[in-house]
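Have a look at the structure below, then the notes.
Every chain is numbered from 1, with letters handed out A, B, ... down the list of sequences.
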Number of protein chains: 2
Amino acid sequence: MTVSVVLNGAHSATRVSEATRTRIVEAAARLRYRPNAAARGLQRRRMDTLGVVAAIDGGVPNLYFLGILNGILEAASARGQNTTIFSVSHHWAADEKKILSFCDGRVDGMILIAPVLSASFVEQLALHMTYVTVQANEPPKGIVNLNVDDEGGAYLAVRHLIEHGHRRIVFFSGPAEFAGVRERIAGYRRALREAAIPVEEAWIVPGGYHLASGRERMAHLLDTTGPSELPTAIFCGNDAVAMGCLEAMAERNLRVPEDFSIIGFDDTLDACLTSPRLTTVAQPLRTLGARAVERVLALIDQEAAGDHEEGEAGESPAEVAADVLSVQLVVRGSVGPPPARFSVIK
Amino acid sequence: MTVSVVLNGAHSATRVSEATRTRIVEAAARLRYRPNAAARGLQRRRMDTLGVVAAIDGGVPNLYFLGILNGILEAASARGQNTTIFSVSHHWAADEKKILSFCDGRVDGMILIAPVLSASFVEQLALHMTYVTVQANEPPKGIVNLNVDDEGGAYLAVRHLIEHGHRRIVFFSGPAEFAGVRERIAGYRRALREAAIPVEEAWIVPGGYHLASGRERMAHLLDTTGPSELPTAIFCGNDAVAMGCLEAMAERNLRVPEDFSIIGFDDTLDACLTSPRLTTVAQPLRTLGARAVERVLALIDQEAAGDHEEGEAGESPAEVAADVLSVQLVVRGSVGPPPARFSVIK
DNA sequence: CTGAAAGCGCTAACAG
DNA sequence: CTGTTAGCGCTTTCAG
């Protein structure tokens, strides 16, 4: 009907007389007319909705997720898109079917946050849904994966320590299967190598990315190492681990940064709540989310266009934003010079 | 077609022969058939999706929201519902139009989290959408509003302080227009009254619910009050404010709980990250979210049923779960006896 | 400039 | 037991 035309804003060539226009608008108001999203979606083959798939619920508030989500929400809303959240367990493999079941046209595209992907799943999902990943463990070939510069961040952190005179630096790393863990180790190695400090393999300590793990590793280190063998600084794989370290030290009346320097990773907001406030490497979480939105939307549009005119492909592959975002060192109060108990080796 | 019947699980009386059933299932698999949510929604008048409206983005990660969201996500998913998030600015009034525009059938119901509602908006929204609120500033008549026992929580907190021997207790309260602020003040008064401690009106200090406000209020208190006039304990309107207090004190080398006892409210997870860990009043955030889901869903079902058979109304108003959830005191390390500098007044 | 007609993918009622 | 029919509310040609 004419109604559709006027209610959706003038449709190009078709102009409507002012008389009927107001008549329609009034009627709509009187009838409390609301357009129906389902019907519109059915017709337009577009729901204007993005799906976010993430393992939100780690028992612990997932600040990391919240940061990205804020970026997504903001960007999506700015482009008139809704956002629906699919929360999965941390066992991605167990929830693959569930995710697939969301491929029923209720969202136009998906953003998978820090997914643990299997090759077969990637393939299946691609069949039914256009999607991008953020910090996937194994960036699947052919899928857009947004990432941060883990290697560079770790390098920055460790170099910061070295510049303060530290040479005995332990790295409390993360679970091997997680995204970015390998890269952070590489950055740690590079910084040491550059300073001609030999890498002590035993000082790269793997463990979980949670507070308890940080506390345990620190406690273990403190309890089993002779005073002269202790490191002077700890580079922690994330902020939670760093906070665990802080706790373990507090329990033993050790001070930061006087007795040990501590540096974290992520800059989730709890980093400024510790005492002393944590020096850490900030990830651009919001930007990550916003960028993810841009990228899926681009894919969706491209696909929609492709349906109509198969040509015009590869129109601007040069314009795509980089998929690796840079990180930033945030200097706060948890790093100082090495304690006097060690002579600073020149 | 028969297809619909078999793909949706046996439809009561209509049984399908095993032969055609497998034929259909196979064909579906071969064709990579996916049902279409929009079409189904259009027909069933039900999207199986809930909307969550909240002001998520306070610049600061909103742990409060995240807690509720987790509860919602879990409960919704358990009942086969999706969740889409509508993020609004903190100026609810400015976003009323936006919220209304989401009433287009894409969600079957809404949960408004800590909304600031105007009477006219409540009315309008009710016209187009079934919804419940969580901790609305002014629980609108006739709308389900979930709440926690703010009064009781404050009472618990202050009594805890009193039991430790404190009698000089300042309350760093919240913004007057926020939900629960009045109630917490009432709880504070009740606890004091019960202990026959006169209420010093100047000790109920209003202010924002953020860290900086806590720091400022504490600094101001410390800087403008003679030592003999100082309180021995601070009851903070939320955890962020408590953390601000902690910071202000740390800056002056004051210790907790030796010099002052501090108690918070919310138990957002950062409460255990402070040093000492914060004694606080825990809100059942997850439960709040889960309960909200139950309630909207019940309303939606009821409404859907009402369309068919107008009767049978008021079938079980007694069964509805209470709308006020109880809170719990979480004792950690930030409360101790009053400092020796004050004699404990009997 | 306006309205009639077709159809998006699905479900529900009803004949074969 | 199976297939046909008629919309759900909207958009989009395409004739009046």
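Listed by first and then second residue, the ring-ring contact (aromatic ring centres under 6.0 Å, His included) pairs involving residues 105-130 of chain B amount to none (not counting sequence neighbours). Applying the ring-ring contact (aromatic ring centres under 6.0 Å, His included) test to residues at least two apart or on different chains, the pairs with a partner in residues 93-117 of chain B are B:Phe86-B:Phe102.
The salt bridge (Lys or Arg N to Asp or Glu O under 4.0 Å) search around A:Glu74 returns A:Arg286, not counting sequence neighbours. Residues passing the salt bridge (Lys or Arg N to Asp or Glu O under 4.0 Å) test with B:Arg44, sequence neighbours excluded: B:Asp48. A search for side chain to side chain donor-acceptor pair (under 3.5 Å) contacts involving B:Ser101 returns nothing, not counting sequence neighbours.
Between A:Arg40 and D:dG9, a side-chain N or O to OP1/OP2 separation shorter than 4.0 Å is absent. Checking the phosphate oxygens (OP1, OP2) of C:dC10, no side-chain nitrogen or oxygen of B:Arg44 falls inside 4.0 Å.
When all heavy atoms are compared, the tightest approach of B:Ala39 to A:Leu42 is CB-CD1, 3.6 Å.
Nearest-nucleotide positions on DNA chain D for B:Arg23 and B:Leu42 put B:Arg23 closer to the 5' end.
Separation of the P atoms belonging to C:dC10 and D:dC1 is 25 Å when rounded to the nearest angstrom.
Atom CG in B:Leu31 sits about 13 Å away from atom P in C:dG9, given to the nearest Å. Rounded to whole Å, atom P of C:dG9 lies 20 Å from atom CZ of B:Arg45. Rounded to whole Å, atom P of C:dG9 lies 14 Å from atom CE of A:Met47. Distance, A:Asp108 CG to C:dC8 P: 19 Å, rounded to whole Å.
Annotation: B:Arg34, atom CZ; neighbour count of heavy atoms from other residues, nucleotides and ligands within 6.0 Å is above 12.
Of all nucleotides listed (D:dC8, D:dG9, D:dT11), D:dG9 comes nearest to the side chain of A:Ala39. For B:Asn36, the listed nucleotide lying nearest its side chain is C:dC10; candidates were C:dT11, C:dC10, D:dC10.
Nucleic acid contact for A:Arg34: sugar-phosphate only, since backbone atoms but no base atoms lie under 4.0 Å from a heavy atom of the residue.
Scanning atom types as modelled, no donor and acceptor separated by under 3.5 angstrom connect the side chain of A:Gln43 and the base of D:dG9.
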Practice task
Using a 3.5 Å limit on both pairing distances, list the dot-bracket string of DNA chain D from the 5' end; Watson-Crick and G-U wobble pairs count, crossing pairs take [ ], interstrand pairs take |.
Solution key: |.||.|||||||||||

